[in-house]
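Report on the structure given below.
So you know, we letter chains A, B, ... as the sequences are listed, proteins then strands, and number each from 1.
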Amino acid sequence: MKILGKSFYTDDPASVAKKLLGKLLVRMYYGKRLSGIIVETEAYYGREDPASRARRGGDLARVMHGEPGHALVYGVHRNWLFNIVAHEEGEVGAVLIRAIEPLEGIEVMKKLRKVNDLRKLTNGPGKLTKALAIDKSFHKLPVYTTKHGLWVEDYMDVKEVVVSKRIGVTEDLDIPLRFYVKGNRFVSKP
DNA sequence: CGCCAGATTGACT
DNA sequence: GTCAATCTGGCGG
């Protein structure tokens, strides 16, 4: 078991988004491991990205300019979205975790989500945060240490990655910035 | 403090 | 397929 260090996230957002596929997102919840394989991500940039929250200024923009490897948790509608700050030195960016494949602590996750269907457990950004009990309290905390009960481990290599345009954004860039594992049934939208 | 848009979800036709 | 619930964050007053 190897925890991804800070340097893993000190890289271009799109590269980090792609590298994260196949990694294991782990949440220590009351002494139990809840985890899932990351199967879908999206990259967000700074001012030049119309869909990025960094455009609007405020605290979220500050965090996106800040330390790579820190969690960025923010609410839309009634959901928490979990991002990891990722960019090269002096740059801006973050990676949104959009879907994971449940691995450990599935029964606990089902309780937290109040659903029984495994496939619907974590196949969306708002769903996986609920399944792993991730909320605003993780905002700005580093995920390259086990100290706060949330981190990412090396796990497996992904054979085939599909690249597409981002989902749900009102105005997207021309470059496709969504990455997912080909054929995986836990991806939010194939 | 009030207004409003939104990187969503789930229920329903 | 459509559509509304519901709440956070940014911004103007």
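Scanning atom types as modelled, no donor and acceptor separated by under 3.5 angstrom connect the side chain of A/Arg166 and the base of B/dA7.
Across all strands, A/Thr170 comes closer than 4.0 Å only to sugar-phosphate atoms, never to a base (heavy-atom distances). Using a 4.0 Å heavy-atom criterion, one finds that A/Arg98 contacts the sugar-phosphate atoms exclusively. If you check every strand for non-hydrogen atoms under 4.0 Å, A/Arg55 touches nothing.
Distance CG (A/Leu60) to P (C/dT8): 13 Å, rounded to an integer number of Å. Following rounding to the nearest Å, A/Asp49 (CG) and B/dG6 (P) show an atom-to-atom distance of 14 Å. Atom pair A/His77:NE2 and C/dT6:P shows a separation of 12 Å (rounding to whole Å applied).
Residue-to-nucleotide proximity on DNA chain B shows that, of A/Met64 and A/Val115, the 5′-proximal contact is made by A/Met64.
For A/Arg27 and A/Phe138, the positive end is not near the middle of the six-membered ring at less than 6.0 Å and at most 45° from its axis.
Defined by atom type and a distance below 3.5 Å, a donor-acceptor pair is missing between the side-chain atoms of A/Tyr74 and A/Asn79.
With A/Glu153 as the partner, the side chain to side chain contact (heavy atoms under 4.5 Å, CB included) test is satisfied by one option alone out of A/Thr146, A/Leu4, A/Leu25, A/Leu24: A/Leu24.
Distance from the side chain of A/Asn79 is smallest to B/dT9 among B/dT9, B/dA7, C/dG10.
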